There are 2 protein chains.
Amino acid sequence: MNLKTLAEELGLSQTTVSRALNGYPEVSEATRRRVEEAARRHNYRPNSRAKGLATGRAMVIGQVIPTSVQHEMVNPIFGDFVAGASLTFSRFGYDMMFTRVPDADESAVYREYRARGAVDAVILQGPLVEDQRIPLLNQIGLPFIVHGRSTGITEPYAWVDVNNKRSFQHATEFLIHLGHRRIALINGLETMDFAQRRRAGYLAALAEAAIAPDPALMRSDEMTEHFGYSQTRQMLAMDQPPTAIMASSMIAALGIRRAIEESGLTMGRDVSVITHDDDLSYLKNGQDVPIFTATRSSVRKAGEVLAQCLVDRINTPDAPPQSRMLEAELLVGRSTGPAPQRT
Amino acid sequence: MNLKTLAEELGLSQTTVSRALNGYPEVSEATRRRVEEAARRHNYRPNSRAKGLATGRAMVIGQVIPTSVQHEMVNPIFGDFVAGASLTFSRFGYDMMFTRVPDADESAVYREYRARGAVDAVILQGPLVEDQRIPLLNQIGLPFIVHGRSTGITEPYAWVDVNNKRSFQHATEFLIHLGHRRIALINGLETMDFAQRRRAGYLAALAEAAIAPDPALMRSDEMTEHFGYSQTRQMLAMDQPPTAIMASSMIAALGIRRAIEESGLTMGRDVSVITHDDDLSYLKNGQDVPIFTATRSSVRKAGEVLAQCLVDRINTPDAPPQSRMLEAELLVGRSTGPAPQRT
DNA sequence: AATCAATTTCAAAGCGCTTTGGATGACCGG
DNA sequence: CCGGTCATCCAAAGCGCTTTGAAATTGATT
């Protein structure tokens with residue numbers, strides 16, 4: 001069933017049918033109802049490509065699948081983020097499209113998106129410090145929004161981000177108030193902007209309390225379970241092991257816990273742990289009482305908010321880029337406690 | 001830059017340029033080279049929608065985002081599966097498109113996909129026992145492939161699945177050989193087909209060894225860390241606790257390990273654990289030695305294979321549906337050991 | 001009854017591509 | 001020099017929709 005046959009069956013022109021369906025005022029209520037009824041009866045939907053061709057809009061949002069170079073790792077937040085964003089997008093009639101390519105080809109994908117007119121806008125994930133994709137997208141003229149921010153990029157761009165610095169600063173302060181002085185940081189790759197900011201927050205809290213940061217207590221890499229485990233094992237074997245650990249992800253925190261327990265220690269008593277928690281649907285931080293004390297911020301909600309911002313941006317392309325800062329809440333669970341007395 | 005201007009610039013007709021670019025034989029090598037060079041210079045790409053409209057193909061694969069009803073949970077394998085599938089699809093010029101809707105509306109999405117001509121085919125995730133989406137898609141006439149299978153559906157359909165029954169049977173036999181008699185099963189929701197099959201494998205192994213299955217040792221629900229934890233706590237508190245546990249997911253297994261260790265027991269000595277491992281990129285089962293003994297099968301590879309099958313299916317729509325069975329390997333790690341002596 | 005404005009409808013152009021059904025030359029043997 | 005065959009290339013139709021500009025109809029006003 002297409003417009004033409006539908007119009008013929010109704011004895012109307014394609015123009016009128018199209019207008020009736022798209023809510024234009026120049027069609028009588030009676031006709032509109034008649035058309036809508038017939039459309040429903042035949043389960044008529046305008047062909048996406050024809051409509052797109054005529055309107056010049058794809059009604060598709062593109063996203064390059066974020067995979068890290070080192071371990072070919074797919075970001076674990078991917079599913080939940082998409083679930084959030086997708087919900088908002090579909091309300092506005094947008095579909096989401098994904099492309100995965102070797103990292104080096106990412107800019108080629110954006111150029112191709114643009115040349116093919118395949119998408120109306122893109123979402124940029126996992127921004128680095130001074131991420132060159134931002135100037136590139138601006139130059140290409142492809143509307144976009146960043147999930148996160150990029151330190152060092154001065155040109156304007158839209159973003160949605162968690163206040164990583166503040167949340168890590170507060171969390172570190174919380175540990176300091178509990179008496180901890182040797183606080184470790186198990187962070188993501190510090191080429192990533194978020195990791196940079198979290199470290200800044202951590203350092204700010206230490207500085208405020210006049211605690212000299214110890215480079216031996218600051219680790220950063222891809223946030224796997226194994227990374228959390230191995231770094232914790234190493235640090236707990238030091239002469240002056242940390243009494244508390246800040247972690248950048250729940251998955252790493254699971255490894256941290258494993259290392260603590262395998263060392264015969266108890267998390268929350270011998271070693272305190274605070275982790276950032278993206279509130280992933282498949283990795284809930286405890287059902288009743290949170291297992292980990294955490295800086296929590298739902299990445300699914302971030303997806304919803306970001307999608308809304310991007311839709312706005314598409315609709316008013318000349319407005320200056322709007323951004324949204326999300327605050328993480330500090331959730332006190334059972335992984336933190338007063339610093340153990342020095343022996 | 002579009003076909004028309006490109007053709008004008010070259011002093012050729014659109015026909016010739018189009019043919020040159022699409023590899024048709026009726027254009028001289030010299031012309032073809034000239035055209036290709038110009039296209040590269042201008043970074044010309046045919047407009048997706050115009051091309052789709054003319055060819056009648058969308059070059060898009062659709063997928064409804066699998067979210068479970070209960071916990072609004074996004075399947076943790078989503079990211080890795082997509083990463084795998086997307087790699088293959090992009091080689092063939094297909095994009096992947098996702099739609100997320102409340103579960104009840106899923107069939108409406110398929111009808112809409114079809115009516116709008118939005119996609120050439122869809123991927124069906126997380127099939128249930130007797131999954132009614134399969135007859136629906138067949139009836140709608142939307143090409144599809146299932147990631148998994150659906151017991152009770154007799155009509156033909158294409159699928160790619162892991163041999164869940166066999167892998168769980170082998171793994172259970174392995175535990176039995178180690179002397180375990182009280183073996184628990186912490187399974188996914190048993191409305192899911194894969195969970196059904198895994199249980200069948202588990203039961204077959206018990207039956208073979210003449211061990212009566214104990215309903216108190218068989219648990220099934222959404223596979224979260226917390227579920228693994230809570231069920232294990234419960235079972236370890238029983239009069240006759242299990243000495244071994246089969247788990248359906250790494251994430252649940254992490255909870256199982258936590259419960260074992262919090263109970264003051266040691267995994268691999270007091271309680272053995274075997275889990276299914278989808279080989280997720282962000283949840284590697286140990287870097288060097290596997291932490292868990294596991295039935296391993298890369299879901300990313302499954303995505304690649306499935307994508308290839310679906311492309312074949314699109315290209316030869318009249319051929320009978322082809323399917324692929326993947327075998328999981330039993331990977332022996334440090335979570336299993338001989339059954340402890342009865343005390 | 002004539003005029004005008006508002007309402008309702010329509011024919012046709014256009015979006016950018018593919019593809020059908022020729023047309024144009026070049027080349028060849030006779 | 002002529003008809004036939006190839007190798008090249010082209011004009012135009014068509015994919016299914018939106019939208020422009022105009023026409024037909026209606027109702028109100030003079």
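Note on naming: letters A, B, ... go to the chains in the order of the sequence lines (proteins, then strands), and numbering restarts at 1 for each one. The shown structure was predicted, so the numbers you read here are calculated from the model rather than taken from an experiment.
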**Request:** Using salt bridge (charged side-chain N to carboxylate O under 4.0 Å, His left out) as the criterion, point out the one residue from A:R33, A:R41, A:R34 that pairs with A:E37.
**Result:**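 Per the salt bridge (charged side-chain N to carboxylate O under 4.0 Å, His left out) rule, the option paired with A:E37 is A:R41, out of A:R33, A:R41, A:R34.
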
**Item:** Side-chain touch B:R300/A:V74, heavy atoms, less than 4.5 angstrom
**Value:**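 The answer is yes; the side chains approach within 4.5 Å.
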
Whole angstroms only, please: what is the [atom1]-[atom2] distance between [X] and [N]?
X      : N      : atom1 : atom2 : answer
B:Y24  : D:dC10 : OH    : P     : 17 Å
A:L53  : D:dG14 : CG    : C1'   : 12 Å
B:R49  : D:dT18 : CZ    : P     : 13 Å
A:N2   : D:dT18 : CG    : P     : 12 Å
A:R45  : D:dC17 : CZ    : P     : 13 Å
A:R116 : C:dC15 : CZ    : C1'   : 17 Å
A:K4   : D:dT18 : NZ    : P     : 16 Å
B:E29  : D:dC6  : CD    : P     : 20 Å

**Message:** Any side-chain N or O of A:S18 below 4.0 angstrom from OP1/OP2 of D:dT19?
**Reply:** no

**Request:** Would you indicate, yes or no, if D:dC17 has its OP1 or OP2 atom less than 4.0 angstrom from a side-chain nitrogen or oxygen of A:Y44?
**Result:**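 It does, given that an N or O in the side chain of A:Y44 lies less than 4.0 Å from OP1 or OP2 of D:dC17.
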
**Asked** Does B:T15 make a side-chain donor-acceptor contact with the base of C:dT19, cut-off 3.5 Å?
**Response** yes

**Residue A:S28, side-chain heavy atoms: nucleotide from C:dT8, C:dT18, D:dT8 that is nearest** =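 So the nucleotide nearest the side chain must be C:dT8.
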
**Request:** Under 4.0 Å between any heavy atoms, over every strand shown, what does B:T55 touch: base, sugar-phosphate, or nothing? Just pick one.
**Result:** sugar-phosphate

